Undergrad: 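Can you read through this structure? Questions will come right after.
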There are 2 protein chains.
Amino acid sequence: MTQVDQTEAKPRLGRKRDHTRDPEILDAALDVLSESGYDGMTIDMVATRAKAGKATVYRRWSSKAELVLDAVACMKSNEFDLDDLPDTGTLRGDLVAMIRTPSIRAAERKLKVMAGIVSMIARSPELASAARAALVEPRASVNRVLFQRAIDRGEIPADADIEHLCMIGPAMVAYRLLMLGRPVDREFLISNIDKVILPAAGIRTEP
Amino acid sequence: MTQVDQTEAKPRLGRKRDHTRDPEILDAALDVLSESGYDGMTIDMVATRAKAGKATVYRRWSSKAELVLDAVACMKSNEFDLDDLPDTGTLRGDLVAMIRTPSIRAAERKLKVMAGIVSMIARSPELASAARAALVEPRASVNRVLFQRAIDRGEIPADADIEHLCMIGPAMVAYRLLMLGRPVDREFLISNIDKVILPAAGIRTEP
DNA sequence: CATATACGGAACTGATGAGTTCCGGATACA
DNA sequence: TGTATCCGGAACTCATCAGTTCCGTATATG
């Protein structure tokens, strides 16, 4: 969005505006957002954390709402490559292989950002779709690939409801972290795969 | 909490303070909270909606934070009676019987209130536990009874992880409404019971 | 080396909302 | 009927924060 390619549309005299710090400002915004929520976040906090001046922030984004929108949208970039997902040969293997500590950390931050903006989402369709594109869709896409593979292998029924299955993992993780305030650790995730996701996909896991 | 039994602890001269309007104020607070979120809510909005004066609100609650805490805690009251739950003889029957239109409406409002305060929850342990007691625990208790019955009947395995099973319904509903912004209708709930909850409980539902 | 521009930072403005105070009117009680 | 008290409502104070302006400095370009 705003952080790339804004080189035109301004007086071309002298040096171009330095956009190298934009990612740091957006990242600072996400940090503050996840810690304080939308209303708790001030532009001063963001600027200070990014070691920038408040005016610098406003030179790039015309309002707090736009900054937040852009920051949320930018989380979309550092995502999984759908063509390079683990392929272990079994659905369970693939799902377990997706559990990596850095991935858990990233997901927790994303969820905290989500928590910081949920109350806005109902009132701002733009923010809502940005949030879904950046926070919901990427993970759903990964799961879609994994489940489709399992269908292609004949591991799970061909008429399995992939869209529904995709949501189980994210829904359980979000609920546990945001509503229950309990840690989302490897143990929980494995347990969720074995006790909920696989049975729902039609795989028996009885001993 | 505050809305009941505050008859002592104030000068006993003349008439007692009129507490009959307290529930209306708390209810107005919940409405505004669900529509505008914690920060979007103003005391004036609450007072106006309850047809009360702002001063009247402050005569009863010393701050916005306390009013919200009390309002959230008060949602706990209008809840299910655990001794009078549907008993259809099957787990599926019981779960389906719990789906009633007013119950869906109430759950949606609760979730919107939750959305309005999630970002506070990480920073306020008091609000966090009030929210869990009022919004999470009641529904979990119901499910616990239903699943325990199914175990007692021998319908599902005795070693089923009830705590984990209890969360599936609430988690899927919360995710669908708050993250996806899609309607939680009867069709979705039934589908969720048949495709996720029952398989996770160890019941085969294949045709 | 000169200059134009964007930088960080600080000092502004204006709006908003928490919390307080005050008032005229209603009402329970004696 | 008198009176004490609480009511709804309006008018305040004060702090905070979005957004703007200004300034002295750093630096890329020529």
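First the proteins, then the strands, lettered A, B, ... as listed; each starts at 1. Because the structure is predicted, anything quoted here is derived from the model rather than measured.
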Undergrad: Starting from P on C:dA10, measure out to CG on A:Asp44 and report it in whole angstrom.
TA: 10 Å
Undergrad: Regarding C:dG17, can its base be found pairing with the side chain of B:Lys64 as donor and acceptor, where the two atoms are less than 3.5 Å apart?
TA: no
Undergrad: Just compare C:dG9, C:dG8, C:dA18 and give me whichever is closest to any side-chain atom of B:Ile43.
TA: C:dA18
Undergrad: Atom CZ of A:Arg59 and atom C1' of C:dG8: how far apart are they, to the nearest Å?
TA: 8 Å
Undergrad: Can you tell me if the side-chain N/O atoms of B:Arg49 get under 4.0 Å from OP1 or OP2 in D:dG8?
TA: no
Undergrad: It should be established whether B:Arg60 places a side-chain nitrogen or oxygen under 4.0 Å from OP1 or OP2 of nucleotide D:dC7.
TA: yes
Undergrad: Counting heavy atoms from C-beta on, name the nucleotide in D:dA18, D:dC7, C:dC7 closest to the side chain of A:Tyr58.
TA: D:dA18
Undergrad: Can you say whether a donor on the side chain of A:Lys54 sits under 3.5 Å from an acceptor on the base of C:dG9, or the other way round?
TA: no
Undergrad: Closest-nucleotide mapping onto DNA chain D: is A:Ala55 or A:Thr42 further toward the 5' terminus? I mean the 5' end.
TA: A:Thr42
Undergrad: For A:Glu137, is there an ion pair with A:Arg144 - N to carboxylate O distance below 4.0 angstrom?
TA: yes
Undergrad: Rounded to the Å, how far apart are A:Met41 CE and D:dA18 P?
TA: 8 Å
Undergrad: Please report the interatomic distance CG(A:Leu189) to CE(A:Met172), rounded to the nearest 0.5 Å.
TA: 10.5 Å
Undergrad: Could you state the CD-P distance from B:Glu66 to C:dA18, rounded to the nearest angstrom?
TA: 15 Å
Undergrad: Salt bridge or not for A:Arg109 and A:Asp27, using N-O below 4.0 Å?
TA: yes
Undergrad: Could you state the CE-C1' distance from B:Met45 to D:dG8, rounded to the nearest angstrom?
TA: 19 Å
Undergrad: Can you check the A:Asp22 CG to C:dC7 C1' distance for me, whole Å?
TA: 13 Å
Undergrad: Is A:Arg60 salt-bridged to A:Glu66, cutoff N-O under 4.0 Å?
TA: no
Undergrad: Starting at OH of A:Tyr38 and ending at P of D:dA18, how long is that distance when rounded to a whole Å?
TA: 8 Å
Undergrad: Considering just the side-chain nitrogens and oxygens of B:Arg21, establish if one lies under 4.0 Å of OP1 or OP2 belonging to D:dC7.
TA: no
Undergrad: Hey, are B:Arg49 and B:Glu35 close enough for a salt bridge, meaning a charged N less than 4.0 Å from a carboxylate O?
TA: yes
Undergrad: Consider the side chain of A:Ser63, meaning its heavy atoms from C-beta on, and name the nucleotide among C:dG8, C:dA18, D:dG19 that approaches it most closely.
TA: D:dG19
